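Everything below concerns the one structure shown next.
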2 protein chains.
Amino acid sequence: MALAKTIPGASPRMVERLSLYRRVLQQTSAAGSHSTYSHELAAACRVSAVQVRRDLMTVGYSGSTKSGYEIKPLLVAMDTFLGNTGPVDVALVGVGHLGRAVLAFLCWRHPRFVPVAFDRDTRLTERVLDGVHCLPVEQMADTIQEQQIRIAVVCVPATEAQRVSEQLVAAGVRGILNFAPVTLFLPSYVFIENIDISVALEKVAFFTG
Amino acid sequence: MALAKTIPGASPRMVERLSLYRRVLQQTSAAGSHSTYSHELAAACRVSAVQVRRDLMTVGYSGSTKSGYEIKPLLVAMDTFLGNTGPVDVALVGVGHLGRAVLAFLCWRHPRFVPVAFDRDTRLTERVLDGVHCLPVEQMADTIQEQQIRIAVVCVPATEAQRVSEQLVAAGVRGILNFAPVTLFLPSYVFIENIDISVALEKVAFFTG
DNA sequence: TTTTGTGAATCGATTCACAGCG
DNA sequence: CGCTGTGAATCGATTCACAAAA
């Protein structure tokens, strides 16, 4: 039971799956369940049961052969592994439709991430959107430095993305979720995750045949 | 020179890269270049030069050792490989902030995909958004059948996604780009691509450390 | 019998290393 | 030389197969 093995290996793919597992487990837990089996979790996430067991092994949580995994402590173990201890401030740049969609996502589903929004458009700034204050970009660098924000979401047009990202990194940001359809060139110590809607749709079109 | 080899293997990952290559090549071409080297394309997409050569090999286009790859015919070869012959109709369900962001993406950058939008909210329907007509959901099934639409983008809330997807599939859709943070359960002949914003941000948070 | 935990095998994707060419 | 094309090697992720437990 719970023999942590201080594993170094955590691939991006695995972190994605863990994130999925957690969401499902939270729902299962809210629905009143107390424990679950690897094959149940697997079915709910469309992965194999072995995969689930491997991942949970990496997390360092062990189940029992009788009732599978206890959901509550498993969630704790996953949070510990993923480093989800406290709330995390997130800078969100660009409050157009996409930016507001992301804001809504964060505020509704993810109380863990606390966004601070920035935009160039003065009609948007100094307003409260989805319960989040929106500040003018001029205050971006200072705010990020003061609040020690390390994570940012880039929702600005493609033409602005590189410049904005450089400003973010200069202010102290070390991880970026980029929605702009461009390759960002930033120091290697910055983690970049790209979400490219055009590419994703292209993929669907290809494999739909 | 361009000895097509009728390759079966095209992994999702590779299709993503090809899509990236094409975007870069279009820009390079528009900037006046006539040819490019694998290492240039590689640098612009943050992949290795060998990877680029392998991918282009799969596409079936050969370059020359002197001037690398000719951009124009390479783009043609890629389009042929990806099956990008004519315009493709796409059903977009849910025209909230996210839906409108996707619409804007498609209309601005991707004249190839022709969207038809649907929403439950009658204040949105019968209006033109980003140059696209928005119809009430009641007309969704009929429109999809009539226009033979095979691809859809799901931008509805998580609670609606499963039901809406089933309707889409029943109407003839065979590929779905899903933004809702839920696992869709659909027949195996339906290709599903999930974009999960929460999961992506979770990943950034983890690897930012 | 069902389920977890896991070494070993497999599968797939990427890189290495080098041949061929201009 | 530098560049493309590619067999072979490598690396990583997933699955197989089975031991242990209840």
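Values below: every heavy atom of this structure, side chains too, minus hydrogens, waters and symmetry copies. Just so we're on the same page: letters track the sequence lines, and every chain starts at 1. No experiment lies behind these values; they were computed from the predicted model shown.
- In this structure, CG of A/Leu74 is placed 15 Å from C1' of C/dT3, rounded to the nearest angstrom.
- The nearest whole Å value for the distance from the CG atom in B/Asp55 to the P atom in D/dG5 is 12 Å.
- Between A/Ser48 and A/Lys66, the residue anchored nearer the 5' end of DNA chain D, judged by the nucleotide with its closest heavy atom, is A/Ser48.
- A salt bridge does not link A/Arg163 with A/Glu166: every distance from a Lys NZ or Arg NE/NH1/NH2 to an Asp or Glu carboxylate oxygen is 4.0 Å or more.
- Distance, A/Met57 CE to C/dA8 P: 13 Å, rounded to whole Å.
- Listed nucleotides C/dT6, D/dG2, C/dT15 differ in distance to B/Val50; the shortest reach to its side chain belongs to C/dT15.
- Counting only residues at least two apart or in different chains, side-chain hydrogen bond (donor to acceptor under 3.5 Å, both in side chains) contacts with residues 173-185 of chain A comprise A/Asn178-A/Asn194.
- Per the geometry, OH belonging to A/Tyr69 stands 9 Å off C1' belonging to C/dT3, to the nearest Å.
- If you measure from atom CE of B/Met14 to atom C1' of C/dG12, you get 14 Å, rounded to the nearest angstrom.
- When the side-chain nitrogen and oxygen atoms of B/Ser64 are compared with OP1 and OP2 of D/dT4, none of them lie within a distance under 4.0 Å.
- Rounded to the nearest 0.5 angstrom, A/Phe113 CZ and A/Cys107 SG are separated by 12.5 Å.
- Whole-Å rounding puts the A/Glu16 CD to D/dT14 P distance at 10 Å.
- Taking the six-membered ring where tryptophan is involved, the planes of A/His97 and B/His97 are tilted, since the angle between them lies from 30° to 60°.
- In terms of phosphate contacts, B/Thr65 brings no side-chain nitrogen or oxygen within less than 4.0 Å of OP1 or OP2 of D/dG5.
- Classified by interplanar angle (parallel below 30°, tilted 30° to 60°, perpendicular above 60°), the ring pair A/Phe206/B/Phe81 is parallel.
- Within the structure, every side-chain polar atom (N or O) of A/Gln51 is placed at least 4.0 Å from both OP1 and OP2 of D/dA13.
- As rounded to whole Å, 13 Å separates atom C1' of D/dT14 from atom CZ of B/Arg13.
- The shortest distance between the side-chain N/O atoms of B/Ser38 and the OP1/OP2 oxygens of D/dT4 is below 4.0 Å.
- B/Arg53 has no side-chain polar atom (N or O) that falls below the 4.0 Å cut-off from OP1 or OP2 of C/dT15.
- Taking atom CZ of A/Arg17 as the reference point, atom C1' of D/dG12 lies 12 Å away to the nearest angstrom.
- Within 3.5 Å, a donor on the side chain of B/Arg54 pairs with an acceptor on the base of C/dT15, or the reverse.
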